[in-house]
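To keep things clear, I will list the structure first and then write my remarks on it.
Here is the naming used below: chain letters follow the sequence lines, and residue numbers restart at 1 for every chain.
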Amino acid sequence: MQLLYFGWVRAKIGISQEEIELPTGVSDVRTLIDWLQERGNTHSEALEDLSVIRVAVNQEMAEMDTPIAAKDEIALFPPMTGG
Amino acid sequence: VIKVQSEDFDISGEISRMTKDNTAIGGLSCFVGLVRDIADESKINSLTLEHYPGMTERQLETLEAEARQRWPLQDVLIIHRFGQLMPGDRIVLVVTASSHREASLQSCAFLIDWLKTKAPFWKLEDTQAGPKWVAAREDDDKAADRWEKSDP
């Protein structure tokens, strides 16, 4: 699956995107974030406060319990500041 | 009509194009967002807008469709820029045209309120104190929430 990062989430993680295989046990947004937090310092620091993390699955806004699959495009970013 | 671009836009040109072949339009409302030179008492050198290509267009199209569903509109135009902008530069243009003023004025306010919190843009200010990501404002959430439809 394709992971995309934007705003300060991208800046903290240090990359704008990465391709990963769907990890074992990951079935929704929550379990993906749990998995990412365990991966390393930059990911865990960027995703520390989930109240300021928004998620899109295949370019649609998603919730913690939104299911995810192997071919999905998942984006993690801060609250949007358009306009 | 949705445009996401780095280039500037010409407000009167856009409005002229919209009204040229549509004489059912009785009025239109226009909101233009600009880059300010001061934020939190810090002077801003520039503002860089990052966005999510693909999702941005989809979200803006959804917002346009929602506005057209709520109000009888003749035309809708949203232009949103990305990239590095300077104080005084135009960021966003929203134009809503209708046969009557009320639909036009309300839908324009609705679109800019929802755009603030639902369009995937992130702003990075280059200030005298260093680079700073603009945080989402609670006031913007409140402004967006007032358009949420209450459940029957």
Side-chain angles (χ1 to χ4, degrees), chain A residues 1-20 28-30 32-33 36-37 41-83, chain B residues 2 4 31-36 39 47-63 78-82 85 90-94 108-126 130-141 143-144:
Chain A
M1 67 174 66
Q2 187 81 8
L3 299 180
L4 305 175
Y5 309 115
F6 294 99
W8 56 252
V9 174
R10 170 185 58 71
K12 278 190 179 173
I13 290 178
I15 50 171
S16 59
Q17 54 180 298
E18 58 184 322
E19 184 83 37
I20 62 161
D28 58 13
V29 170
R30 186 183 305 278
L32 175 67
I33 289 177
L36 285 170
Q37 284 172 333
N41 290 336
T42 56
H43 284 82
S44 60
E45 193 192 321
L47 304 173
E48 192 181 10
D49 180 3
L50 292 184
S51 70
V52 286
I53 299 293
R54 301 289 179 269
V55 183
V57 175
N58 298 325
Q59 305 190 355
E60 299 278 355
M61 292 308 292
E63 303 295 334
M64 282 294 158
D65 59 358
T66 302
I68 57 175
K71 295 258 168 68
D72 286 347
E73 176 179 300
I74 319 284
L76 294 116
F77 44 78
M80 297 168 270
T81 52
Chain B
I2 303 298
V4 181
F31 179 88
V32 183
L34 305 165
V35 180
R36 273 194 316 268
L47 177 73
T48 301
L49 281 118
E50 180 178 336
H51 77 118
Y52 183 173
M55 182 173 173
T56 306
E57 288 81 356
R58 285 175 67 158
Q59 286 287 93
L60 294 179
E61 278 161 17
T62 304
L63 294 189
I78 303 172
I79 303 180
H80 206 306
R81 296 178 69 192
F82 60 87
L85 303 176
R90 290 175 275 269
I91 306 173
V92 61
L93 173 68
V94 177
C108 189
F110 161 79
L111 280 171
I112 195 64
D113 280 348
W114 271 28
L115 225 152
K116 285 253 165 204
T117 58
K118 296 182 199 291
F121 286 90
W122 300 275
K123 291 176 178 149
L124 179 65
E125 292 169 347
D126 177 30
K132 187 173 164 251
W133 289 98
V134 175
R137 296 173 62 230
E138 208 177 310
D139 288 355
D140 289 339
D141 286 338

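For chain A, no part of B:L124 is nearby; none of its heavy atoms comes within less than 4.5 Å. If you measure heavy-atom distances from A:R10 to chain B, the contacts under 4.5 Å come from the side chain alone.
No donor-acceptor distance shorter than 3.5 angstrom exists from the side chain of B:W122 to the backbone of B:W133, with no hydrogens or angles considered. With hydrogens and angles disregarded, no donor-acceptor distance shorter than 3.5 Å links the side chain of B:D126 to the backbone of B:P131.
Of the residues considered (A:A56, A:P79, A:G7), A:G7 shows the highest number of contacts with chain B, using heavy-atom pairs under 4.5 Å. Ranking B:A119, B:A135, B:G33 against chain A, the residue ahead of the rest is B:A119, based on heavy-atom pairs under 4.5 Å.
Of the candidates A:E18, A:K12, A:Q17, A:E18 is the only one forming a side chain to side chain donor-acceptor pair (under 3.5 Å) with A:Y5.
Salt bridge present: B:D139 and B:R137 bring a charged side-chain N and a carboxylate O closer than 4.0 Å.
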